[in-house]
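Accompanying notes for the structure given below.
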Amino acid sequence: MKVRERIEELEYKILAPFAAKSRDAVRERDESPCDFRTAFQRDRDRIIHSKSFRRLKHKTQVYISPGDHYRMRMTHSLEVAQISRTIARSLMLNEDLTEAIALGHDVGHTPFGHSGEYALKDLIGCYSHNEQSLRVVEHLERNGQGLNLTAEVRDGILNHTGNSKPLTLEGNIVRFGDRIAYLCHDYDDGIRAGMLRPSDLPPNVASTLGTNPSRMITVMVSDIIIKSTGKKEILMSDPVKNAMDQLREFMFEKIYHSPELEPDRKKARYVISKLYEYFMKNPDSLPQEFLDREKRWGLQTTTVDYVAGLTDLYAIKIFEKLFIPSTWAQSK
Ligand SMILES: Nc1nc2c(ncn2[C@H]2C[C@H](O)[C@@H](COP(=O)(O)OP(=O)(O)OP(=O)(O)O)O2)c(=O)[nH]1
């Protein structure tokens with residue numbers, strides 16, 4: 001019996017009845033299974049080895065061009081994976097599936113975080129990073145062939161945010177894991193940036209979740225585990241959910257929509273708009289790989305794919321080269 005088959009059997013013996021089982025997973029296209037790794041382990045590994053995942057290390061979470069101790073999207077994805085895996089393992093759900101969804105959930109994020117996303121939305125009428133993440137793994141990675149992931153992982157990536165919920169409990173864990181991770185690490189980074197103090201927290205947040213970021217994670221994670229054990233749903237108790245919602249409102253006011261960060265957000269939107277407009281007018285300047293895809297997807301989608309895939313650093317570099325040639329000349 002192969003190692004993978006043994007793990008697949010173990011999943012049936014050990015995991016909760018509602019856990020997703022890797023033996024039942026179906027890929028986009030038929031493919032022979034790996035001898036050692038289950039389908040979900042293999043999906044996780046494919047995501048880790050993808051270019052889009054590597055680029056997350058140079059994509060903004062909240063602060064543009066921050067110091068080394070601030071989170072970028074890569075660190076965010078790792079923290080979402082850590083939090084989500086703890087919850088999955090404690091509930092005897094499929095940890096590998098949870099990890100694959102968590103690591104892949106943001107691969108479609110634009111440069112400059114949500115500012116880049118809003119810029120593209122203004123330009124083309126619709127753009128959602130979760131839909132783009134799915135597009136990346138289905139149609140853009142591996143020179144357009146996609147990663148051929150399982151339906152469970154793709155569903156979790158697509159539905160990690162927004163109104164429709166993932167079909168698996170593992171996907172629903174990542175929805176919570178994402179929020180818990182970003183609220184706590186952005187709060188931590190906000191303190192580091194001198195934009196927040198623990199004493200600024202609304203009293204109900206401080207008394208329910210505490211004021212230390214790691215304590216906040218523990219409170220929310222434990223609450224989900226206690227509330228969801230033996231259930232067919234991923235739940236959070238009302239008091240903790242209310243405190244989490246209040247923390248989110250507080251973070252929007254103090255950080256995500258803060259006037260202090262508006263100049264950076266404005267610059268980011270400007271860079272993205274200029275790049276989009278430039279490549280729409282000069283498609284021949286797109287890299288060959290994208291030009292090849294234009295025939296299938298059309299110019300607008302191809303330009304969006306290119307601009308959305310850029311890292312912050314690379315977007316700035318191209319912007320300077322195209323629009324501020326003197327800066328570009330000096331940097332050479
Ligand atoms: N949701 C949201 N997040 C923002 C905004 N501006 C900055 N951020 C930051 C806060 C978090 O670090 C991160 C949240 O974005 P993500 O793509 O990680 O989460 P997502 O939009 O899927 O979360 P959600 O479903 O809204 O809780 O981006 C904004 O206008 N909306």
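Counting starts at 1 for both ligands and their atoms, in listed order.
- A salt bridge does not link Asp305 to Arg293: none of the charged nitrogens lies less than 4.0 Å from a carboxylate oxygen.
- Residues His257 and His114 place their aromatic rings such that the two centres sit no closer than 6.0 Å.
- With sequence neighbours excluded, no residue satisfies ring-ring contact (aromatic ring centres under 6.0 Å, His included) with Tyr127.
- The list of salt bridge (charged side-chain N to carboxylate O under 4.0 Å, His left out) pairs with a residue in residues 243-256, not counting sequence neighbours, reads Lys241-Asp245.
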Donor-acceptor pairs under 3.5 angstrom involving side-chain atoms of residues 7-18: please list them, not counting sequence neighbours.
from, atom 1, to, atom 2, distance (Å)
Glu8, OE1, Arg4, NH1, 3.3
Glu8, OE2, Arg4, NH1, 3.2
Glu11, OE1, Ser22, N, 2.7
Glu11, OE1, Ser22, OG, 2.8
Glu11, OE2, Ser22, OG, 3.2
Glu11, OE2, Asn94, ND2, 3.3
Tyr12, OH, Asp24, OD1, 3.1
Tyr12, OH, Asp24, OD2, 2.7

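- Note: Tyr306 and Phe279 have perpendicular aromatic rings, judged against thresholds of 30 and 60 degrees for the angle between ring planes.
- In this structure, ligand 1 sits under 4.0 Å from heavy atoms belonging to Gln61, Val62, Arg73, His76, Asp106, His109, His114, Tyr118, His129, His160, Thr161, Asp178, Arg179, Tyr182, Asp186, Arg248, Phe252, Tyr256, His257.
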